[in-house]
Amino acid sequence: MPSVCVAYKKCGGCQYTGVPYPEQLEMKQKNEEALLGRFGRVERILGMRYPCFYRNKVTAAFGKDKKGNIICGTYQEGTHYIVQVEKCLIEDEKCQEIIRTIKSLLKGFKMEPFNEDTGKGLLRHVLVRRGIKTGEIMVVLVLGTHIFPSGNNFVKELIKRHPEISTVVVNINERKTSMVLGEREKISYGKGYITDELCGCRFRISPSSFYQINPAQTEVLYNKAVEFAGLTGKESVIDAYCGIGTIGMVAAKHAKNVIGVELNYAAVRDARINAKENKIENIEFFRGDAGDFMMKMAAGKEKADVVFMDPPRAGSTEEFLTAVKTLGPKKVVYVSCNPATLARDLEFITKNGYEVKKIQPVDMFPFTDHCETVVLLTAKEKKPFEKKTYDKKGFDKKPQSRKTDYRKKR
Ligand code: SAH
């Protein structure tokens, strides 16, 4: 395992730098137990065999230091101060190499980093994403203005240096915002998206679509989620907060039908194409707010046997969870990237008809204090109202149990 990172104190991305990996797992286990232990037994966290260079998506901010030299790296936590990162221990090495090449090319092409205060300059961010199984690479150049002088030549030179790049997209972000991507984009080279493989399915990924950043552990996570659902081929399934349809498509092979719901337009478009390309016909995707969608399903008296839900870090909403209660699936599989909001949502849902059966932490983000969790919830059994009948002497006619039914013993 590589030695300690030099930028970690300023970068703030890796809270567990310098902590041996088994100890990191122990700390995460304890944290999960502290937050979730009151809902049931927390299974042993599933860690990685080689926990380095796992991030398949690398984003670098561009700017200048006090001496006017071009720098690139990550924003120091909570600020817009760029911490120069020469080599990161958790990001994919090929993605980092491409970013270093881009930085080295800027001067020759007279490309200035964008200055947020003056609104002058060009390059704001570079995002590089690699399909680990397919080897396909996407480079997104985020510009602060829509004019890209000598853009074609720049992209040509980049491809010459890195023929392994599959596509280059130019994204325009003219707003004063901390969001990396703007809404407008133009394909400069290739198809404008990459594909990758997970759990035997191929997925198309657009620049703005969410895609899990640690593919090896994503397979562990998805397999656990599908195992928890215990599908037999007869179930109607909902995949809420479905992104590009990954969990739903893995589940579709074991279910009667799946409905996916997602807010992001590009992700839903990717999800529909992904289903077609994988020849999965028992799945449908809808764009919209997951809470609204679930409330409409519940009001329309639709049925679902299993609900997978994988909300962002902020967690789900009371509207969504109330609609789950009305819809009444037998199982809910909650995939969470934030145990604090997970605990809040479990608190609500366990008071509203469900009980926690399993809690499985999965380490998707080694060296950071983040942890992913899969939770299986099942609908609490409603005790049917028992109508009692009595014999002439006033005894309950129904024998109670072998041990207590004294009349039988006589
Ligand atoms: N299950 C997917 C995506 C999980 S990330 C996967 O494993 O890849 C969470 C997703 O929820 C993102 O794609 C995000 O765009 C989406 N999202 C965020 N808020 C939402 C909302 N209110 N309704 C529906 N989807 C939402």
Side-chain angles (χ1 to χ4, degrees), residues 54-57 129 131-133 179-181 183 193-226 228-229 237-252 258-275 278 280 283-298 306-324 332-339 341-342 345 360 362 364-365 370-375:
Y54 59 84
R55 272 194 79 101
N56 59 3
K57 179 177 117 175
R129 201 175 226 168
I132 302 298
K133 289 247 175 83
M179 301 276 283
V180 173
L181 295 178
E183 274 159 20
Y193 61 88
I194 53 164
T195 47
D196 197 18
E197 279 173 31
L198 279 178
C199 302
C201 295
R202 267 179 95 83
F203 293 102
R204 160 192 163 124
I205 312 152
S206 290
S208 67
S209 295
F210 176 88
Y211 186 62
Q212 299 282 358
I213 54 100
N214 183 339
Q217 288 299 86
T218 300
E219 289 194 329
V220 173
L221 181 80
Y222 288 176
N223 287 334
K224 238 332 140 198
V226 173
F228 279 4
V237 172
I238 293 175
D239 177 10
Y241 310 91
C242 69
I244 56 171
T246 43
I247 297 177
M249 282 171 53
V250 176
V258 180
I259 289 176
V261 56
E262 159 67 42
L263 200 57
N264 181 292
Y265 282 95
V268 175
R269 185 193 57 208
D270 286 352
R272 288 179 181 143
I273 296 170
N274 286 333
N278 286 280
I280 299 177
I283 194 163
E284 234 184 315
F285 293 99
F286 294 89
R287 200 214 66 87
D289 170 72
D292 285 352
F293 184 83
M294 288 294 278
M295 286 196 292
K296 279 182 198 141
M297 290 272 294
V306 176
V307 170
F308 288 97
M309 54 183 289
D310 184 7
R313 285 186 65 73
S316 191
T317 57
E318 288 197 1
E319 289 78 39
F320 182 95
L321 298 170
T322 306
V324 168
V332 176
V333 180
Y334 192 141
V335 179
S336 158
C337 56
N338 183 352
T341 54
L342 171 63
D345 291 347
Q360 176 66 67
V362 179
M364 296 273 277
F365 317 103
H370 295 272
C371 192
E372 197 86 9
T373 320
V374 196
V375 176

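Order of appearance sets the numbers: ligands from 1, and atoms from 1 within every ligand. For the single chain, residues carry numbers from 1 onward in sequence order.
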Mind listing the N or O contacts between ligand 1 and protein, cut-off under 3.5 Å?
{"unit_1": "ligand 1", "atom_1": "1 (N)", "unit_2": "Tyr241", "atom_2": "O", "d": "3.1"}
{"unit_1": "ligand 1", "atom_1": "1 (N)", "unit_2": "Asp310", "atom_2": "OD2", "d": "2.9"}
{"unit_1": "ligand 1", "atom_1": "7 (O)", "unit_2": "Gln212", "atom_2": "NE2", "d": "2.9"}
{"unit_1": "ligand 1", "atom_1": "7 (O)", "unit_2": "Tyr222", "atom_2": "OH", "d": "2.5"}
{"unit_1": "ligand 1", "atom_1": "7 (O)", "unit_2": "Asp310", "atom_2": "OD2", "d": "3.1"}
{"unit_1": "ligand 1", "atom_1": "8 (O)", "unit_2": "Tyr222", "atom_2": "OH", "d": "3.3"}
{"unit_1": "ligand 1", "atom_1": "8 (O)", "unit_2": "Thr246", "atom_2": "OG1", "d": "3.4"}
{"unit_1": "ligand 1", "atom_1": "13 (O)", "unit_2": "Glu262", "atom_2": "OE1", "d": "2.8"}
{"unit_1": "ligand 1", "atom_1": "13 (O)", "unit_2": "Glu262", "atom_2": "OE2", "d": "3.3"}
{"unit_1": "ligand 1", "atom_1": "15 (O)", "unit_2": "Glu262", "atom_2": "OE2", "d": "2.6"}
{"unit_1": "ligand 1", "atom_1": "22 (N)", "unit_2": "Asp289", "atom_2": "OD1", "d": "2.7"}
{"unit_1": "ligand 1", "atom_1": "23 (N)", "unit_2": "Ala290", "atom_2": "N", "d": "2.8"}
{"unit_1": "ligand 1", "atom_1": "25 (N)", "unit_2": "Leu263", "atom_2": "N", "d": "3.2"}

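When ring centroids are compared, Tyr211 and Phe203 stay outside the 6.0 Å threshold.
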> salt bridge (Lys or Arg N to Asp or Glu O under 4.0 Å) between Glu372 and Lys224: does it pass, once the steps are laid out?
Replying inline: CA-CA 12 Å; Glu372 197 86 9; Lys224 238 332 140 198; over 6 Å; no
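At least one test fails for Arg272 against the ring of Phe285: distance under 6.0 Å to the centre or angle within 45° of the axis.
With sequence neighbours excluded, no residue satisfies salt bridge (charged side-chain N to carboxylate O under 4.0 Å, His left out) with Lys57.
Ring geometry, Phe365 versus His370: the interplanar angle exceeds 60°, so the pair is classed perpendicular (tilted spans 30 to 60°).
At most 12 non-hydrogen atoms from other residues, nucleotides or ligands lie less than 6.0 angstrom from CD of Glu183.
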